[in-house]
Structures are given as structure tokens and as C-alpha cells.
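Owing to the predicted nature of the structure, the values given are computational and were not obtained by experimental measurement. Both counts, for ligands and for their atoms, begin at 1 and track the order of listing. Residue numbers start at 1 and run along the sequence shown.
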Amino acid sequence: MADFAASTMDFTKVDFTKLQAKLSKELDEERYQHTLGVMFTSASLAMAHGADVQKAQLAGLLHDCAKCIPNKRKIKLCEDNHIPFSKFEREHPFLLHARLGAFIAESKYGVSDPDILSAIVWHTTGRPDMTLLEKIVYIADYIEPQRAKAPNLTAIRRLAFKDLDECVYRILKDSVEYLEQNPKDLDTTTVEAFEYYKKLHEKTEEMNS
Ligand code: FE
Ligand code: FE
């Protein structure tokens, strides 16, 4: 895996078949199928928005690589590897799959590209002022073909290929509304991200009126 060197990594040479075979052993069938959906959707969004297609594909493929690790083990792995996490994350350990996923993408899959790693870190909560690749993976995770439960999916899917910031805003808005049903599950990063993209949305509305 040493051939995956840092940011000098040649993304056109990544062996996706090999990586997929490896991942399919780490994930349950449902999660693996979701992962393939996120991979292809990330690549498509990269095409639509002028991002690096292979990088998006790789970030999408690896975004949930830590998802199927049991929660207790997630906490232990974070502690053992000095990955900092909050009290809120300890109480909601599924959130750790993002941070831990970035660590595993680097240590087990040899991917050290900082853009890819940050897209994995922020794919669950989002954050204010996301990078292009962060937005792509965040959106792809929400709209990939197998997703069916979220409200407004048709409109959000269409928006994803037109306006990333507006699309992120719509997803965060629906996510915050959903999480507010159980306020103790609402994390501050998601709220901060929502506030940021809401402001952006209002600014654009003002400019267009
Ligand atoms: Fe995830
Ligand atoms: Fe996911």
C-alpha cells in the first residue's frame, strides 16, 4: 500500500477493484451497497462541478469504512490511536465512524490525501464553509440511489447537480428538523453548519430579489 504516497498520489492508478474487495469484507452487505452508491454519486457530482473525479470516487468509496466496527471498539480504537473526541461523541459513538474512518483510510487503505481525509471526517455532520470535495461526499451520502426515506429527495437530488451550497443548505435544514425531534441527539457541528449555509442561502435570496 506504500504506493499510495501522500498528495503525490496518482489517483488514475488507484485499483478500485482491489479496494472494493477489501472493503466488502469490512462492511455488511447493506452498508457495502450504500458505499458503492456513494462512490458513483460522488464521481458524478465531481463531473458536474469540476472536481477531481477519481478523488471523489475514492472518498465516496471509503467514507463509511469504519461504520461496521462495533461502537465500543470505535471508542477504544479512537483512544488507542489518540484520536480526540468529545463527550457528545462518546454518548453518540456512531458519529466516531467519520473521524475513525479517516484514520483507517490512511492507515489501512494507504490514502493520505488531505482532501479525501477531510471529506471522510465531515461526511456525517457537515461543517461551516466546506471544501468542494467535502460538499460532494456529504451530499452523495444523502442522495445515493438506495436512499429512500429522507423527505424532499427528488428536489434535493436535482439541486445537487445545479447548486452545491443550496443543496447542502436543504439537507442540513431537513437534518436539523429531524434531529430536533430528539434535541439531545442534535450535535453542535451540524447546527453550526446549518447556520452557516442558512446565511449563505439568505444572502443569495437577497441578491436575487
Ligand atoms: Fe457515514
Ligand atoms: Fe454513508
Inset, instruction - Dump the intermediate steps for side-chain contact (heavy atoms from CB on, under 4.5 Å) on K135 and M130, then the final yes or no. - result: CA-CA 6 Å; K135 286 185 261 197; M130 287 192 267; 3.7 Å; yes
Legend entry - Mutual orientation of the aromatic rings belonging to H123 and H63 [parallel < 30°, tilted 30-60°, perpendicular > 60°]: perpendicular
Inset, instruction - Would you mind counting protein N, O or S atoms that sit less than 2.8 Å from the Fe ion (ligand 1)? - result: 3
Inset, instruction - Using only heavy-atom distances, determine whether the side chains of D141 and H34 contain a donor-acceptor pair under 3.5 Å. - result: yes
Inset, instruction - Indicate yes or no: does K108 engage E26 in a salt bridge with an N to O separation below 4.0 Å. - result: yes
Inset, instruction - May I have the step-by-step check of salt bridge (charged side-chain N to carboxylate O under 4.0 Å, His left out) for E195 and K199, ending in yes or no? - result: CA-CA 6 Å; E195 296 298 338; K199 258 188 213 133; 5.9 Å; no
Inset, instruction - Step through it carefully: locate the ring centre of Y197, locate the ring centre of H201, and say whether they are under 6.0 Å apart. - result: no
